[in-house]
Amino acid sequence: MNKFEQLGLNESLLKAINDLGFENPSEVQEKAIPLLLEKDTDIVALAQTGTGKTAAFGFPLIQKIDPENRSTQALILSPTRELCLQITNEIKLYSKHTKGIHTVAVYGGASITDQAREVKRGAQIIVATPGRMQDMINRGLVNISKIDFCVLDEADEMLNMGFYEDIVSILSTSPDEKNTWLFSATMPREVSRIAKEFMRKPLEITVGHKNSGSSTVSHEFYLVNARNRYEALKRLADANPDIFSVIFCRTKRDTQAVAEKLIEDGYNAAALHGDLSQAQRDSVMKSFRNRQIQMLVATDVAARGIDVDNITHVINYQLPDEIETYNHRSGRTGRAGKLGTSIVIVTKSELRKISSIERIIKKKFEEKTIPSGMEICEIQLFHLANKIKDVEVDHEIDAYLPAIYEVMKDLTKEELIKKMVSVEFNRFISYYKNNKDLSAQSAGERREGGRDNNGGAIRYFVNIGSRDNFDWMSLKDFLRDTLGLGRDDVFKVDVKEGFSFFNTEAEHMQTVLDTLNSVQLEGRKINVEISKNDGRSNNSRRDHNGRGGGGRRGNSFGGGNRDRGGSRDRGGYGGRREGSSDRSSRRGDSRNDSRDRRPRRS
């Protein structure tokens, strides 16, 4: 039995839910839907981004709308045009079996005349950005004087973006007796002020702790010198071969600069910020959803409309000015119950912000060191081995196999494997060997028990990872409990897709090897061995173009985020083709022709 059936939803909505493949409501849906269906009430719902808030207010809203009445009955306000369009599309999907309901999106950057015409045709539900909605009210193009429901979605972000006066004006235009449903990730003073002024004894729903972060997101920080911030970003990308990430910068200028550097260094990257036209933004987002872009560099405002599944990492290239904004950033990953990682690249002067964020999200960060070149090589080697093992064979190759067998006939199996892997690995290791340590001195003194080096520690490789539903926190707990070790005896845990690394002190080495090599996980034998490197970096080396390690463009091995050819004219979306004077392409215009910008494959 579908659990949505127990929430009181009607048959047409349950049919839409079945079409969408929803089975189990999220916590905020389970709490909000029955309450909103049973009562005419104001509510304040506090839940993180990505927890299913649109369905939590969308389903009861659709059920309460009168399809026979063509006047506007509900207004949904959201902070950005991307989120406005996303909510509109979702409401249309939810109501597709409910005849007569018409939903219209009202947002800046599109024809206000066309939007007014759509509203006039009869829109029971309007989804709008505050600025455009206020403009339409001022021009007499829309009438919300008789609405029954007003939804404020991402209320904290709307107020953070400076929409307080618009929201106050819009709410003042609407009837006092309407129901107001406020959904927010955090509850800053301004949101409380709106609730107090415009809501009548609102009921409160809280998913998790107030202002807390999602339980499916782990939080890490890497301490670097300011001059090494960009090189650290590249190393982190190379250490996560299947990365699919959003990288946050504070300003449009920094966003564009970082994206252009990544493109120049051969990564499939693009910028998303307010200086792009709507067409450019739509093109970039389409490419990101299709995974032609694997590293999307964005400002906080532009990223508000990003609702893309399976984002593996959020990287805070720079911390936000407002600490509460960190919650919105980290909410881009770890959605729908999947695990995600939020990374902060931080300098010593910013360390105090980490402690402030921890207090707000009620979660601890793990301090990690930027991977060394040799550690990246090891990660990439095992990634390649797993990829070869899992590859689906296209039998078009069968016709060529006899000739290939003839070429390889004198090689043993071991020699063949070694040579096949070395074709890619040799280039990577020659690039990365002897490069410099990018981590600044450990911030261990910031927190009790912190470690500033490996000392006498042993680093291990283990054949379980994120595909086994581990993140660094859950794997650390699993290892500690399985080995019978103390809370701090397992450290420097790095989880990849099919394997992981971790450290213990040397005294625990035999326990680790004997215990884990005799354990099975869901019928599969766990294999653990001592890693060939200790996770520390060697000396520095720069390539012939003067760039540090981590961004070599001609490499087709490792770093699943890099373009196969790697040359600048294949630099991915958001980049300028070499020799071109088209400035718009440097500002994120991905164009329509992606034939020479295919995602990099390893």
Side-chain angles (χ1 to χ4, degrees), residues 1-38 45 47-70 72-76 78 81-107 118 121-128 148-149 151 153-154 181 183 205 207 214 216 244 282 285-286 288-291 305-311 331-338 340:
M1 181 179 179
N2 190 306
K3 291 189 177 180
F4 279 97
E5 294 178 24
Q6 302 170 16
L7 302 182
L9 296 170
N10 63 30
E11 285 300 319
S12 60
L13 285 171
L14 290 173
K15 192 174 179 182
I17 288 168
N18 187 59
D19 289 348
L20 292 165
F22 296 168
E23 294 182 1
N24 299 311
S26 67
E27 186 179 352
V28 68
Q29 292 163 5
E30 208 161 22
K31 289 182 176 181
I33 291 173
L35 180 62
L36 295 175
L37 288 175
E38 291 167 11
Q48 287 306 299
T49 302
T51 52
K53 287 182 285 186
T54 304
F57 65 73
F59 290 143
L61 185 65
I62 292 165
Q63 187 157 319
K64 289 195 165 193
I65 292 292
D66 178 7
E68 303 297 324
N69 180 355
R70 303 293 289 174
T72 300
Q73 300 168 49
L75 171 65
I76 303 170
S78 66
R81 53 193 172 189
E82 285 84 7
L83 190 55
C84 174
L85 288 167
Q86 175 192 311
I87 293 170
T88 303
N89 289 334
E90 290 188 33
I91 295 292
K92 286 179 178 179
L93 288 172
Y94 302 160
S95 61
K96 71 176 186 176
H97 296 296
T98 307
K99 292 183 179 179
I101 288 188
H102 186 42
T103 304
V104 172
V106 169
Y107 56 93
E118 283 292 305
R121 283 179 52 206
Q124 292 99 341
I125 303 173
I126 295 176
V127 187
D148 299 310
F149 308 97
V151 181
D153 190 30
E154 304 282 12
W181 303 345
F183 285 75
I205 295 170
V207 175
S214 169
T216 58
F244 182 53
D282 291 345
M285 282 307 302
K286 180 180 179 182
F288 185 57
R289 288 190 177 93
N290 292 336
R291 290 183 174 245
I306 296 175
D307 185 21
V308 178
D309 292 335
N310 301 320
I311 290 174
R332 300 295 112 203
T333 187
R335 293 185 167 217
K338 296 182 179 178

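All values derive from a computational prediction rather than experimental measurement.
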Quick one: pull up [atom1] in [X] and [atom2] in [Y] and give me the separation to the nearest 0.5 Å.
X: H97; Y: D19; atom1: NE2; atom2: CG; answer: 3.5 Å
X: I125; Y: I65; atom1: CD1; atom2: CD1; answer: 4.5 Å
X: L20; Y: K96; atom1: CG; atom2: NZ; answer: 6.5 Å
X: N290; Y: M285; atom1: CG; atom2: CE; answer: 10.5 Å
X: E5; Y: L13; atom1: CD; atom2: CG; answer: 12.5 Å
X: E27; Y: I205; atom1: CD; atom2: CD1; answer: 10.0 Å

Within-4.5 Å side-chain heavy-atom neighbours: [X] and [Y]:
X: D66; Y: Q124; result: no
X: V104; Y: R121; result: no
X: F59; Y: L36; result: no
X: P25; Y: L7; result: yes
X: I76; Y: L61; result: yes

What heavy-atom pair brings [X] and [Y] nearest, and what distance separates the two atoms?
X: G122; Y: H102; value: O-CD2, 2.9 Å
X: C84; Y: T88; value: O-OG1, 2.8 Å
X: T333; Y: I311; value: OG1-O, 2.5 Å
X: L9; Y: Q63; value: CA-OE1, 3.3 Å
X: T98; Y: S12; value: OG1-OG, 3.1 Å
X: K92; Y: T103; value: CE-O, 3.3 Å

Salt bridge E11-K15, side-chain N to carboxylate O under 4.0 Å
no
May I ask you to say whether K3 pairs ionically with E30, meaning some side-chain N is under 4.0 Å from a carboxylate O?
no
When you measure from the side chain of K53 to the backbone N and O of A47, does any donor-acceptor pair fall under 3.5 Å?
yes
Using a 3.5 Å distance criterion without hydrogens, assess whether the side chain of N89 forms a donor-acceptor pair with backbone atoms of L85.
yes
Check this for me: K64, atom NZ, are more than 12 non-hydrogen atoms of other residues, nucleotides or ligands nearer than 6.0 Å?
yes
